[in-house]
*Asks:* 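Quick one: structure below, then a few questions.
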Amino acid sequence: MTSSVKAILDLKGRDVVTAAPSTTVAEAAAILSKKKIGAIVVVGMENRISGMFTERDLVHAIAKHGKEGLDQPLAQVMTAKVYRCHEETTVNELMELMTSRRFRHVPVESNGKLAGIISIGDVVKSRIAEVEREAEEIKAYIAG
């Protein structure tokens, strides 16, 4: 039995670090550092996902614009094409998306609005727990 995104969110919580599209790269970098995270969801009106700003986007902004890149608004440097998942998405489906698209963070959307975020670490933790449960079930079955 494979876990769902909802199960992961129910365990870890639904808090997401967000920023407005007008937030500067420097401000976003400070948030990433302070919160010890790798991504910020950029949200517009009504908590709708506008983009993602990740450590990779930070590196690209600096490489492209030099130190002036720090003054750019997130709207100019964020990843605008955001792949989302939903609470019904299975962990296996999410692993496939993260692997094929090389994402480490995927926002969860419900009714067009941000409902959470799943990191690769969350997926790995969930999958390990699932494998351990299966191993315990097999041991119990064998023991009779």
Side-chain angles (χ1 to χ4, degrees), residues 1-140:
M1 175 175 166
T2 186
S3 263
S4 68
V5 165
K6 181 182 182 322
I8 294 173
L9 290 177
D10 287 347
L11 284 174
K12 79 169 235 170
R14 296 169 184 273
D15 292 340
V16 182
V17 176
T18 63
S22 60
T23 303
T24 67
V25 170
E27 292 167 333
I31 293 168
L32 290 172
S33 177
K34 180 180 179 184
K35 300 281 188 179
K36 296 182 172 113
I37 56 174
I40 297 172
V41 180
V42 182
V43 293
M45 306 228 326
E46 297 180 5
N47 211 31
R48 296 195 183 273
I49 301 168
S50 298
M52 291 281 293
F53 181 75
T54 68
E55 295 161 320
R56 288 180 188 163
D57 296 317
L58 174 60
V59 169
H60 291 301
I62 303 282
K64 184 175 182 179
H65 302 287
K67 66 181 180 180
E68 289 79 23
L70 294 171
D71 297 324
Q72 296 284 318
L74 294 185
Q76 297 297 316
V77 299
M78 69 185 182
T79 300
K81 186 175 182 179
V82 178
Y83 287 84
R84 303 152 166 88
C85 66
H86 304 278
E87 290 187 354
E88 303 79 28
T89 303
T90 67
V91 170
N92 288 344
E93 291 168 335
L94 193 56
M95 282 191 303
E96 185 177 322
L97 173 68
M98 291 175 135
T99 301
S100 66
R101 298 288 180 178
R102 300 185 69 204
F103 296 145
R104 292 180 289 160
H105 302 87
V106 177
V108 182
E109 189 175 65
S110 180
N111 298 319
K113 296 182 182 180
L114 181 63
I117 191 165
I118 302 291
S119 72
I120 192 70
D122 298 328
V123 171
V124 169
K125 183 178 177 181
S126 171
R127 189 66 183 115
I128 288 170
E130 189 174 330
V131 168
E132 288 174 348
R133 265 192 318 274
E134 290 171 357
E136 288 302 316
E137 289 171 6
I138 290 170
K139 286 179 189 175

*Asks:* How far does CG of Leu11 sit from NZ of Lys6, to the nearest 0.5 angstrom?
*Replies:*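 If I round to the nearest 0.5 Å, the distance is 10.0 Å.
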*Asks:* Output the distance between atom OG (Ser3) and atom CG (Leu94), rounded to the nearest 0.5 Å.
*Replies:*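 The distance works out to 11.0 Å.
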*Asks:* Should Val42 and Met52 be marked as a side chain to side chain contact (heavy atoms under 4.5 Å, CB included) after you check the CA-CA gap, both sets of side-chain angles, and the distance that decides it?
*Replies:* CA-CA 5 Å; Val42 182; Met52 291 281 293; 6.0 Å; no
*Asks:* Restricting to salt bridge (Lys or Arg N to Asp or Glu O under 4.0 Å), what partner residues turn up for Asp71, sequence neighbours left out?
*Replies:*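 So Asp71 forms no salt bridge (Lys or Arg N to Asp or Glu O under 4.0 Å) with any residue.
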*Asks:* Can you list every pair that meets ring pair (Phe, Tyr, Trp, His ring centres under 6.0 Å) and has a residue in residues 60-94, with sequence neighbours left out?
*Replies:*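 Listed once each, the pairs are Tyr83-Phe103.
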*Asks:* Which pairs pass salt bridge (Lys or Arg N to Asp or Glu O under 4.0 Å) with one or both residues in residues 35-63, sequence neighbours excluded?
*Replies:*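 Matches after skipping sequence neighbours: Glu46-Arg48, Glu55-Arg104.
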*Asks:* What closest approach, in Å, do Ala39 and Ile37 show between heavy atoms, and which atom pair accounts for it?
*Replies:*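 Looking at all heavy atoms of both residues, the closest pair is O-CD1, 3.3 Å.
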*Asks:* Can you confirm whether Glu88 sits close enough to Val5 that some side-chain heavy atom of one is under 4.5 Å from a side-chain heavy atom of the other?
*Replies:*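 Heavy-atom side-chain distance check fails, nothing below 4.5 Å.
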*Asks:* What pairs with Asn47 under side chain to side chain donor-acceptor pair (under 3.5 Å), at least two apart in sequence or on another chain?
*Replies:*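 Listed in chain order: nothing, the list is empty.
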*Asks:* Roughly how far apart are Ile40 CD1 and Met78 CE, rounded to 0.5 Å?
*Replies:*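 Rounded to the nearest 0.5 Å, the CD1-CE separation comes to 12.5 Å.
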*Asks:* Can you find a pair of side-chain heavy atoms, one from Met95 and one from Met98, that are under 4.5 Å apart?
*Replies:*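 The answer is no; the side chains never approach within 4.5 Å.
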*Asks:* Can you tell me which residue pairs pass the ring pair (Phe, Tyr, Trp, His ring centres under 6.0 Å) test with a partner in residues 105-131, sequence neighbours excluded?
*Replies:*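 Found none.
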*Asks:* Residues two or more places apart in sequence or in another chain: which of them pass side chain to side chain donor-acceptor pair (under 3.5 Å) with Arg102?
*Replies:*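 Side chain to side chain donor-acceptor pair (under 3.5 Å) check on Arg102 returns nothing, list empty.
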*Asks:* For Glu96, enumerate each residue passing the side chain to side chain contact (heavy atoms under 4.5 Å, CB included) test, keeping only those at least two apart in sequence or located in another chain.
*Replies:*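 By the side chain to side chain contact (heavy atoms under 4.5 Å, CB included) rule, Glu96 matches no residue at all.
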*Asks:* Just jot down the side chain to side chain donor-acceptor pair (under 3.5 Å) partners of Glu87, sequence neighbours excluded, or say none.
*Replies:*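 Glu87: side chain to side chain donor-acceptor pair (under 3.5 Å) contacts with Arg14.
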*Asks:* Output all residues satisfying salt bridge (Lys or Arg N to Asp or Glu O under 4.0 Å) with Glu136, sequence neighbours left out; order by chain, then residue number.
*Replies:*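 By the salt bridge (Lys or Arg N to Asp or Glu O under 4.0 Å) rule, Glu136 matches Lys139.
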*Asks:* Please name all residues satisfying side chain to side chain donor-acceptor pair (under 3.5 Å) with Glu68, sequence neighbours left out, ordered by chain then number.
*Replies:*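 None.
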*Asks:* For residues 19-33, which side-chain N or O atoms pair as donor and acceptor with protein atoms under 3.5 Å away, sequence neighbours left out?
*Replies:*
{"from": "Thr23", "atom 1": "OG1", "to": "Ala20", "atom 2": "N", "distance (Å)": "3.3"}
{"from": "Thr23", "atom 1": "OG1", "to": "Ala20", "atom 2": "O", "distance (Å)": "3.0"}
{"from": "Thr24", "atom 1": "OG1", "to": "Glu27", "atom 2": "N", "distance (Å)": "3.1"}
{"from": "Thr24", "atom 1": "OG1", "to": "Glu27", "atom 2": "OE1", "distance (Å)": "3.3"}
{"from": "Glu27", "atom 1": "OE1", "to": "Thr24", "atom 2": "N", "distance (Å)": "2.8"}

*Asks:* Say you draw a straight line from CG of Leu70 to CG of Leu58; how long is it, rounded to the nearest 0.5 Å?
*Replies:*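 Answer rounded to 0.5 Å: 7.0 Å.
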*Asks:* Provide the closest heavy-atom pair for Gln72 versus Val77 in the form atom of the first, atom of the second, distance.
*Replies:*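 Reported closest heavy-atom pair: CB-CG1, 4.1 Å.
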*Asks:* What's the separation between atom CG in Leu74 and atom OG1 in Thr79, rounded to the nearest 0.5 Å?
*Replies:*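 Going from CG on Leu74 over to OG1 on Thr79, the span is 10.5 Å.
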*Asks:* Less than 3.5 Å apart, which donor and acceptor atoms pair up between the side chains of residues 107-124 and the rest of the protein, not counting sequence neighbours?
*Replies:*
{"from": "Glu109", "atom 1": "OE2", "to": "Arg84", "atom 2": "NE", "distance (Å)": "2.8"}
{"from": "Ser119", "atom 1": "OG", "to": "Gly121", "atom 2": "N", "distance (Å)": "3.3"}
{"from": "Ser119", "atom 1": "OG", "to": "Asp122", "atom 2": "N", "distance (Å)": "3.2"}
{"from": "Ser119", "atom 1": "OG", "to": "Asp122", "atom 2": "OD2", "distance (Å)": "3.2"}
{"from": "Asp122", "atom 1": "OD2", "to": "Lys12", "atom 2": "NZ", "distance (Å)": "2.8"}
{"from": "Asp122", "atom 1": "OD2", "to": "Ser119", "atom 2": "N", "distance (Å)": "2.9"}

